Chemist: 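Sharing a structure, written as C-alpha cells. Questions coming.
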Number of protein chains: 2
Amino acid sequence: MNDTRATAAPGGQALLFLTDEQLRKGIEAMFFAYRGFTADPDRILEDKAYGRAHHRAIHFISRSPGTTVNNLLSILGVTKQSLNRVLRTLIEDGLVESRVGTRDKRERHLVLTEVGEALERELSDAQRTRMRAAYREAGPEAVQGFRAVLEAMMDPELRRHFNQLKEAQDG
Amino acid sequence: MNDTRATAAPGGQALLFLTDEQLRKGIEAMFFAYRGFTADPDRILEDKAYGRAHHRAIHFISRSPGTTVNNLLSILGVTKQSLNRVLRTLIEDGLVESRVGTRDKRERHLVLTEVGEALERELSDAQRTRMRAAYREAGPEAVQGFRAVLEAMMDPELRRHFNQLKEAQDG
DNA sequence: ATTTTATGTCAGTGTTGTTGACTTTCCAAG
DNA sequence: CTTGGAAAGTCAACAACACTGACATAAAAT
C-alpha cells in the first residue's frame, strides 16, 4: 500500500522514486490533516468572540513571553494592521498585557495575563490531545519522520523562526 | 536533538513518552509547514483573480472528474453558498464545466476544461515541487511517518474521504 | 536636527466563510 | 398523478481576517 520506494544510491544516499500520485497524496494529507488540526481550537473559540487569528497570537505570546509586536509580525506573517486588530481586542478583554519596553521605549512587550493563560491552556490542551493521539497511533518512528518532512517543507525564514522557538525551551 | 523517546513496553507495543513541549513543537511545525505548503499556489493565484478556495475546488475536481457538487461540499467542508460563489466564477471563466446528470438530472457533474486543467497543472506542479524537495530532504522513512501521523490527525469523516481518493488511483 | 524605527490608527477593499429565505428541478413514494 | 423531499442554484446580509495606503506619535539612531 505504501509504495514509496527507496534504493541505495552510489553516494550512499537513499534515492526516492516519487510518483506524482504519491506527492499528490501527501498534498491531500496535508489538507485534510490541517482541518483536523484546527478543528478543536476552532470549536472552543466559536463560543467566545475570537477566531484563529487570536489563537495564533495567544500561542506565540505564550511561547515567547515578552515578545515584541515586530517579532510577532514576522512569525505570523501578517500586516501590522491585521495583527493590531487582534491584539487590541485581546488587550481590551484583559487577556494580553502590553508593556512599554525598558531599554527601547518604542517597543511593546506582550505577555499573557492569568485569564489569557487560562484560555491558552484550554486551546493547547485540546490541540495537544489530538496530536498526542495521532503520535500514539502512528508510532515513535513516524513522529520523527513527520517532524522532518514538515521542517523541510517550511520557507527558510519560517524555518528559522521555528528553530529559534525550539532552542528557547528544547535545545 | 530529536528526543522523542520510545521504549519497548510489556505488550510488545512501543510506548511514547511525549512531553507537552514535544507536542507543542509538533503543533508549531504544522503551523509553519502549512504556510510553506500554500505559499507557492498562493503566489500563482495572486495575479489571477482567484484564491485558495478556487485552488481547492480545482484540485478536487481534477482528482475526481465528474464529481457532484454535494460530494465536493462534503470534501471541502464549506456551505453550498460558499462553494457556489467559487464554482460560478470558475464556470463563467471557462475553467470548469457543469454537466447535468444523466441518471439524476438534479445533479451537476463537474469537470475541468482544457484551460482549467492547465491552471491545475501549474498549481499542482508548484506544490509537488516543494513536496518532492521536502521528501528528498527528509528521506524515505520520514515520508512514511509523515503520512501516518497526518492520517491519524484527521477527523474520521475526512479520513474516509482521504482514503476514498486514495483507492481511486492508488489502491 | 533629521532620519529611521516601532507602534498604533483610520479608511477602504477583497476573499472566504457564515445564516436565512426562496425558487427551480426532478426523483420517488403514496 | 400528485405530492413530499432532495439537489442545486440564487439573493441578501453579515463576519472574520487578510490586504493597501495614509497618517500620527514617540523614541532611537545618525
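Computed from a predicted structure; not experimentally measured. Chain naming here is simple, since letters A, B, ... match the order of the sequence lines and numbering starts at 1 in each.
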Chemist: Would you say A/R52 and A/V86 make side-chain contact, with heavy atoms under 4.5 Å?
Modeler: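 No, their side chains stay 4.5 Å or more apart.
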
Chemist: OP1 or OP2 of D/dA18 less than 4.0 angstrom from a side-chain nitrogen or oxygen of A/R56, does that happen here?
Modeler: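 So the side-chain polar atoms of A/R56 do come within 4.0 Å of the phosphate oxygens OP1 or OP2 of D/dA18, strictly under.
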
Chemist: Return no unless some side-chain N or O of A/R88 is found under 4.0 Å from OP1 or OP2 of C/dT9.
Modeler: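 Yes, because at least one side-chain N or O of A/R88 sits under 4.0 Å from OP1 or OP2 of C/dT9.
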
Chemist: Look at the side-chain N and O atoms of B/R108 and state whether any lies under 4.0 Å from the OP1 or OP2 oxygen of D/dG9.
Modeler: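 Answer is yes, contact under 4.0 Å.
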
Chemist: Starting at CD of B/E107 and ending at P of D/dG5, how long is that distance when rounded to a whole Å?
Modeler: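 To the nearest whole Å, that distance equals 20 Å.
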
Chemist: Can you find a heavy atom in the side chain of A/E137 that is under 4.5 Å from one in the side chain of B/M153?
Modeler: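 In short, these two side chains do not touch, never coming nearer than 4.5 Å.
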
Chemist: What integer distance in Å separates A/E46:CD from D/dC17:P?
Modeler: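 It works out to 12 Å between those atoms.
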
Chemist: Considering only side-chain heavy atoms of B/R106, which listed nucleotide, D/dC17, C/dT7, C/dT25, is closest?
Modeler: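 Nearest to the side chain of B/R106 among the choices is C/dT25.
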
Chemist: Of all the choices, C/dT9, D/dA8, D/dC19, which nucleotide is nearest to the side chain of A/T79 once you look at every atom?
Modeler: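 In terms of side-chain proximity for A/T79, the closest of C/dT9, D/dA8, D/dC19 is D/dC19.
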
Chemist: Using whole Å, what does the distance between atom P of nucleotide D/dA22 and atom NZ of A/K80 come to?
Modeler: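 For the pair A/K80 NZ and D/dA22 P, the rounded distance is 13 Å.
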
Chemist: Whole angstroms only, please: what is the CZ-P distance between B/R99 and D/dG9?
Modeler: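 Atom-to-atom, B/R99 to D/dG9, this comes out as 15 Å.
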
Chemist: Between D/dG9 atom P and B/K105 atom NZ, what is the distance in whole Å?
Modeler: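 From B/K105 NZ to D/dG9 P: 16 Å.
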
Chemist: How many Å lie between CZ on A/R52 and P on C/dT15, as a whole number?
Modeler: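 After rounding, the gap between these two atoms is 20 Å.
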
Chemist: Give the rounded distance in Å between these two atoms: CG of B/L45 and C1' of D/dC19.
Modeler: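 Answer to the nearest Å: 16 Å.
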
Chemist: For A/F32 together with A/F37, are the ring centres under 6.0 Å from each other?
Modeler: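 No, they do not, as the ring centres are separated by 6.0 Å or more.
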
Chemist: Could you pick out which residue, A/L110 or B/R85, lies toward the 5' side of DNA chain C when each is mapped onto its nearest nucleotide?
Modeler: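 Per heavy-atom nearest nucleotide, the more 5' residue is A/L110.
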
Chemist: Looking at B/H54, I'd like to know whether one of its side-chain N or O atoms comes within less than 4.0 Å of OP1 or OP2 on C/dT16.
Modeler: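 B/H54 to C/dT16 OP1/OP2: side-chain N or O found under 4.0 Å.
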
Chemist: Between A/Q81 and B/N84, which has a closest nucleotide on DNA chain D that is more 5'?
Modeler: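 Taking each residue's closest nucleotide, the earlier one in sequence belongs to B/N84.
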
Chemist: Which whole-number value in Å describes the distance from A/L83 CG to C/dT7 P?
Modeler: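 One finds 10 Å between P of C/dT7 and CG of A/L83, rounded.
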
Chemist: Please determine, for the side chain of A/N70, which listed nucleotide (C/dT7, C/dT9, D/dG9) has the closest atom?
Modeler: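 Closest nucleotide among those given: C/dT7.
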
Chemist: When the ring centroid of B/F31 is compared with that of A/F60, is the distance short of 6.0 Å?
Modeler: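 Centroid separation for B/F31 and A/F60: below 6.0 Å.
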
Chemist: Tell me, do A/E157 and A/S74 make a side-chain contact under 4.5 Å, heavy atoms counted?
Modeler: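 A side-chain contact exists here, since the closest heavy-atom pair is under 4.5 Å.
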
